[in-house]
Amino acid sequence: MSAIDMLDLFSGGLSFLFTVLILSYLIGDNPLFRIAVYVFVGAASGYVAAVVFWQVLYPLLVLPTLSAIQSASLAQGLYVLMPWLGLILILMKVSSRLSGLARIAMAFLVGAGAAVTLVGALTGTLIPQFNATIDIFGGAVGKGGFELVELLFSGGVVLLGVISTLAYFHFGAHPKADGSMRRLAPVEILAWVGRIFIGITLGVVFAGVYATALTALIERISSLINFIASLFGMF
Amino acid sequence: MADLINCPVCGTENPSDQEYCRSCQAALAATEEGDASSIQPGQSPTKRQTAELEPILPQWLRDARDAARSTEPEDSNQAMPPQSEKTRPIASEDLLAGLQSQSGQDEDEDVPDWLANITGAQPKPKVEQQPETTGARWVEMGARDDFPSEDAAEEADMPDWLAGLQATQAQPEKDELTDIYNLTRSVNESLPTQPPAQEVPPEAAPHDFASSETPEWLRQMALDADERSATAEAGEQSAELPLDAPDWLSGLGGPGSESTFGESSAEVSEPAPAESEALDLPPSDMPDWLRGSAESEKPAQDTTPKWLREESGGASEPETPAWLASEDTVYLPSEPQQETPEQDALLVDLPDWLKAAAPNSSIFEQPAEQPTSLQETPEPSFDSPDWIKSLGATEASEDVPAADEEKSSPFENAPAFTPDLEGDENLSSLFTEMPDWLSNAIEPTETPSSSASSAPTPITSDDALAPSDLPSWVQAMRPVETGIVQPSLSSDRTLESRGALAGLQGVLPAVPGFAPTSKPKAISIKLNTNEEQLKHAGILEQILAAETSPVPMESYAALRTSRGLRWVLGFLMVVMIAVVLGLRMENFSTPLLAPNETRAAMSLVDALPPNAALLVAVDYEASRAGEMEVAVAPMFDQLMLVKQPRLTFVSTNEVGSMLAERIITGPLAEHNVSYVNLGYLSGGQMGIRAFVKDPVAAAPLSTSLQPAWESTTLTGISQFDQFSAVILITDNAEAARSWIEQTEDVRGSMPFIVISSAQATPMIMPYYDSGQVTGVVSGLYGGAIFEQYIGQPGSARTYWDAYSIGMLFALILVLGGGFWNLVLGWRERAAARGAE
Amino acid sequence: MRVFTAVIAIAFGLLVLLGYFLPPTLFPTVVDLQTVLLNWAVILTGVAALVGIFNLIIVHTDKVRRAEKGSVYSALLVLSMLFTFAAGMLLRPDHVAMQRVVLSGIILPVEAALMGLLVVSLLYAAIRLLRRRADAMGIFFILTAVVIFLGSATLPFGDIPVISTWIRPWVTQVLALGGARGILIGVALGTLMTGLRVLFAMDRPYGGK
């Protein structure tokens with residue numbers, strides 16, 4: 001029995017154990033379930049810390065710093081100086097007295113992140129999705145017969161779904177004669193239709209989540225069976 | 001009525017035991033004090049040095065002061081002291097009573113210290129100010145240079161503002177008193193002419209006051225001062241300095257002149273001086289009603305008006321005009337003494353204010369004769385205004401001994417005002433005193449030396465702002481009490497705490513002149529709104545009420561968590577799946593119909609060039625590893641079999657790199673995979689963007705800490721767009737969105753395949769529909785289709801029966817249970833409505 | 001400090017923004033600067049993750065020190081964290097032992113089992129949904145889910161006719177597409193506005209009011 005096999009056996013045993021511990025939650029909340037969860041959190045966070053160091057800080061900060069020191073390059077030094085400064089500032093968050101200084105680095109992160117997400121949303125989602133909605137009947141060009149009707153109908157439904165969903169999220173209201181605040185009648189109708197489309201979409205998502213969860217449960221039960229089978233096969 | 005108190009503000013009668021008015025809530029205590037503290041007619045204001053307060057006065061108060069200066073006769077009439085019954089003016093005191101005092105004030109007037117502080121003039125020795133008493137008024141009214149002193153003959157020296165002022169002053173009085181003037185003139189014409197002053201040098205004072213621009217009454221006052229000086233030199237003891245005369249007034253004649261102010265009020269009532277004054281007026285300066293008698297008195301060599309020369313001479317007391325004599329200095333002529341009864345008889349019915357008004361209203365009507373000997377006047381040596389200098393020179397030439405006494409007097413450097421003339425007495429007693437300009441006329445002569453002996457002491461800030469310490473000019477502006485009892489300024493001790501009046505006390509009291517005599521007019525505060533505005537206001541109120549009122553959460557009666565149902569569900573699911581998997585059932589067919597997005601992914605895999613460099617982004621959690629590996633395995637198996645691509649793994653998930661290794665060592669373990677694991681990209685979208693912009697800089701090393709971009713797998717690859725395709729393995733629609741968005745401008749026509757979890761597929765489908773995603777393989781369903789497509793069953797096939805049974809089981813439970821709960825819900829709601 | 005942080009956020013945000021729109025051929029410096037800034041952001045984000053993990057250690061260590069209720073679980077958490085971190089630092093995360101023991105032995109089973117537990121919860125919730133929410137959205141939600149359940153399953157002889165071959169694809173590719181696209185556009189608009197608010201310093205999630 002090789003070390004890998006021993007390692008696989010040990011890993012399979014851990015997997016079996018933690019799976020059972022977690023599935024014990026079907027009976028109810030119990031200490032075993034909590035033990036598994038706490039150990040999982042600790043192991044995951046420790047692993048993440050190691051990953052961050054070896055796959056982020058080491059290649060992007062430590063090695064360039066060593067390289068800059070070795071080469072005595074001013075440009076490289078300046079390049080790595082700012083991250084070190086930001087690192088120090090962020091580490092200030094640990095101190096309650098100096099945590100305010102961390103805002104500087106956080107401001108940099110937020111500003112850069114805002115710019116990235118802003119442009120991404122604009123160029124990656126808004127414009128392409130608007131273009132796709134505008135060109136929703138473009139596929140019907142050159143088509144005829146039932147296919148044309150199907151494309152036109154499908155395109156109309158999608159268009160209605162988009163508009164009605166956006167109308168559902170439109171909360172501008174106008175006062176009515178009785179003082180109540182209501183949306184305009186067309187918007188109100190579209191919003192009602194939008195509720196249906198959103199319900200359908202969430203139903204699809206729900207089914208997808210269920211499918212994912214079901215697959216995960218199947219995989220876990222399969223792993224349990226396989227581990228038991230492997231034990232019996234081994235012995 | 002004894003138990004009632006009138007409100008000082010609104011006049012409402014209130015019980016005496018109340019402190020505040022029941023109508024306007026004003027303090028009633030002031031009313032009670034009013035008797036003692038209010039200014040009584042004839043009461044002299046307390047002298048205070050308030051020049052420093054001038055700049056901080058509000059504009060309206062300064063304007064009022066300016067107006068008071070310009071219309072001093074009209075304003076001062078409110079302070080007309082009630083003299084004896086027979087001297088009480090017949091006409092309205094409010095309107096013209098001050099004219100008498102004006103004359104008297106002008107007579108005694110000098111530049112008070114407080115006024116000098118305002119105007120910047122230095123307090124002057126009283127001796128030199130004696131002939132300039134009338135000039136003080138001009139100082140108040142304007143600049144000192146406005147007074148023509150150097151060259152009285154030049155009419156151009158008359159400032160415009162003064163000319164206008166003359167017009168404005170003379171015109172209304174002329175209109176109102178025309179008849180009286182005529183009457184007075186007739187009286188004057190009947191009087192004998194007075195001889196010219198014998199003691200006055202011909203080139204002294206007349207040169208100063210003979211200017212045609214100089215009002216007659218000013219000249220009269222100046223000459224009156226000279227006369228008093230001469231009287232003092234003559235050793236007359238009849239004149240007394242009034243008790244409340246300010247230092248500038250008391251210093252006019254110095255100690256020697258005090259006696260000149262000692263005329264009793266009874267003498268003031270003598271009508272004779274009015275006629276005598278009229279007799280002295282030069283014809284050119286006198287109105288018609290005075291000219292007749294004055295022309296006969298005019299000396300040939302002197303252009304000084306006769307009345308002025310006579311005043312200066314001091315020997316023509318009987319000719320002192322009534323408006324001047326009415327003050328305190330009445331010099332009854334000795335020679336025409338016998339005519340006095342006639343004059344009295346003629347003017348006994350004329351109030352003094354009318355007599356005083358006569359010259360005052362006529363001085364501008366006719367130009368005076370031009371004096372000619374002004375250049376002979378010696379210049380004074382100190383910083384007095386020119387007109388004061390000229391007068392001072394005249395005074396000095398006449399009353400040098402008096403001037404010497406003035407210089408040594410205690411008034412020389414002392415402040416103009418004393419904090420309290422009564423010394424230790426209560427401050428409220430100040431208001432029992434008459435104003436200085438009134439006390440000159442009516443103050444008894446029992447304290448002739450009081451003002452002289454009581455050296456004025458500088459006031460302090462302590463009493464400067466007290467209500468009882470109001471400066472004389474403020475007190476003088478207050479209307480005197482007339483018939484009804486009014487609260488005095490001293491009763492209002494409100495200290496202004498803000499605004500321009502901050503620090504001042506009692507500046508804005510409910511003084512009689514400003515207090516309404518009746519209840520304030522009711523002004524409707526109802527908004528003038530129309531229905532539309534009211535409607536909008538109502539809507540706004542509703543909105544605000546909706547914003548502030550708590551919205552009750554739509555609460556449901558907590559459904560009892562059916563633990564039994566949960567147990568049943570859990571047990572059934574686990575057992576069912578375990579049985580299916582344990583029995584290795586493969587009874588259910590895998591899906592035959594591939595969705596469009598999966599077919600597109602299949603086509604793309606087929607279209608990829610051999611040995612293509614593929615970027616594989618592993619962005620899913622370990623929890624979905626089972627599903628994702630099932631979906632990934634058939635595609636990558638196909639790729640490995642057909643294309644043998646070079647795989648570059650990268651992840652924005654911390655465990656992504658290890659999940660990639662798990663794929664390599666798991667489903668693809670049978671293949672010789674050429675891959676590089678670049679590991680974890682931190683920063684989410686920022687990391688993706690950094691990698692897209694410069695992958696070498698963003699991920700220089702592989703997870704094995706080897707230079708990734710120097711490996712054979714990444715040969716020729718240094719930019720993002722050099723990859724043949726991007727395969728995103730994700731269980732998160734957000735991660736998919738991040739990759740799609742951040743690679744949008746770089747990908748170009750690069751294929752982008754998404755292997756997604758079933759839960760993320762619905763939100764990725766729009767990107768597929770828009771063409772941003774080339775193909776989608778969704779979860780176990782997509783993996784099963786791909787396995788069937790490649791014809792090599794794998795994990796998907798193993799799981800498919802359990803998956804199908806699980807889906808059908810869910811269908812049955814949700815459909816049946818949902819319908820059952822729907823009915824239950826309806827029944828519950830119907831029961832609830834019935835209960836209501 | 002408040003203004004300074006806002007200035008920093010705006011300045012770096014604008015610099016990153018310029019890197020998107022300026023052509024690299026004309027403004028290579030700006031584009032390169034964007035890359036540099038993003039790399040710095042990647043580093044700092046990693047550091048922030050470490051600070052978060054450190055904070056987790058502090059919190060649970062305090063719990064253990066104070067012997068609070070559940071401190072045993074906290075002790076397990078700290079121990080497992082330290083052990084994993086030490087092993088990861090020594091062996092590196094890509095080591096096979098780390099993969100087998102930490103990932104396949106702890107992380108993956110726990111997460112996957114938790115995900116499997118979700119099956120029961122989802123079913124339970126779906127069953128009782130209409131008891132409380134019998135409106136159009138709820139009904140369409142359940143009906144759609146039922147259709148997808150049915151369409152995703154197969155029978156022993158193959159796909160379920162009509163449902164799997166026609167209704168399910170049409171629901172997922174047409175009906176759900178409209179709603180999903182609307183939601184995506186709404187999310188993108190929200191993201192756009194949030195980014196603009198940050199760049200205009202109207203929102204300051206980095207601290208300061």
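Just so we're on the same page: letters track the sequence lines, and every chain starts at 1.
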**Asked** Can you tell which of Leu130(C), Leu122(C), Leu129(C), Leu123(C) makes a side-chain contact (heavy atoms from CB on, under 4.5 Å) with Val814(B)?
**Response** Leu123(C)
**Item:** Top contributor to chain B interface from Val42(C), Val119(C), Ile107(C), Thr154(C) [non-hydrogen pairs under 4.5 Å]
**Value:** Thr154(C)
Of the non-hydrogen atoms in [X] and [Y], which two are nearest, and what is the gap between them?
X         : Y         : answer
Ser152(C) : Tyr803(B) : O-CE2, 3.8 Å
Ala622(B) : Glu111(C) : N-OE1, 3.3 Å
Met807(B) : Ala153(C) : CB-CB, 3.9 Å
Tyr124(C) : Leu565(B) : CE1-CD2, 3.3 Å
Pro595(B) : Gln173(C) : CB-NE2, 3.9 Å

**Prompt:** Which residues in residues 88-98 of chain C have any heavy atom lying under 4.5 Å from a heavy atom of chain B?
**Reply:** Arg92(C), Pro93(C), Asp94(C), Met98(C)
With a 4.5 angstrom heavy-atom cut-off, is it the side chain or the backbone of [X] that approaches chain B, or both, or neither?
X         : result
Ile148(C) : backbone
Leu103(C) : both
Ala134(C) : both
Val187(C) : side chain

Pairs under 3.5 angstrom only: tabulate donor-acceptor contacts from the side chains of residues 11-38 of chain C to other protein residues two or more places apart or in another chain.
| residue | atom | partner | partner atom | Å |
| --- | --- | --- | --- | --- |
| Tyr20(C) | OH | Gln742(B) | OE1 | 2.9 |
| Gln34(C) | NE2 | Val16(C) | O | 3.0 |
| Thr35(C) | OG1 | Val31(C) | O | 3.3 |

Separation of [Y] [atom2] from [X] [atom1] (nearest 0.5 Å):
X         : Y         : atom1 : atom2 : value
Asn39(C)  : Ser682(B) : CG    : OG    : 11.0 Å
Glu597(B) : Thr172(C) : CD    : OG1   : 6.5 Å
Asp159(C) : Thr590(B) : CG    : OG1   : 8.5 Å
Glu627(B) : Met115(C) : CD    : CE    : 7.5 Å
Ser623(B) : Leu108(C) : OG    : CG    : 8.0 Å
Ile142(C) : Asn821(B) : CD1   : CG    : 10.0 Å

**Asked** Going through the checks in order, is the side chain to side chain contact (heavy atoms under 4.5 Å, CB included) test met by Thr191(C) and Arg737(B)?
**Response** CA-CA 12 Å; Thr191(C) 305; Arg737(B) 189 169 71 90; 3.9 Å; yes
**Message:** The test is side chain to side chain contact (heavy atoms under 4.5 Å, CB included); show your working for Thr165(C) and Leu592(B) and say whether it passes.
**Reply:** CA-CA 9 Å; Thr165(C) 58; Leu592(B) 302 176; over 6 Å; no
**Prompt:** Just by modelled atom types, is the Leu155(C) backbone N or O under 3.5 Å from a matching donor or acceptor in the Ser589(B) side chain?
**Reply:** no
**Message:** Under a 3.5 Å distance rule, please check whether Arg131(C) uses its side chain to pair with a backbone N or O of Trp820(B) as donor and acceptor.
**Reply:** no
Option that, when pairs with chain C are counted at under 4.5 Å, heavy atom only, ranks first among [options]:
options                                    : answer
Glu741(B), Glu654(B), Arg662(B)            : Arg662(B)
Leu813(B), Asp694(B), Asp769(B)            : Asp769(B)
Met686(B), Met573(B), Arg689(B)            : Arg689(B)
Pro762(B), Ala733(B), Pro591(B), Gly570(B) : Pro591(B)

Where on [X] is there a heavy atom nearer than 4.5 Å to chain C: the side chain, the backbone, both, or neither?
X         : answer
Ile805(B) : neither
Ser657(B) : neither
Asn677(B) : neither
Arg827(B) : neither
Gln685(B) : neither

**Request:** Output, in order, the C-alpha distance, side-chain angles, deciding distance and verdict of side chain to side chain contact (heavy atoms under 4.5 Å, CB included) for Leu184(C) and Tyr767(B).
**Result:** CA-CA 10 Å; Leu184(C) 271 182; Tyr767(B) 293 107; 3.5 Å; yes
**Request:** Could you please spell out the steps behind the side chain to side chain contact (heavy atoms under 4.5 Å, CB included) verdict for Met763(B) and Ile183(C)?
**Result:** CA-CA 9 Å; Met763(B) 302 307 296; Ile183(C) 293 173; 3.9 Å; yes
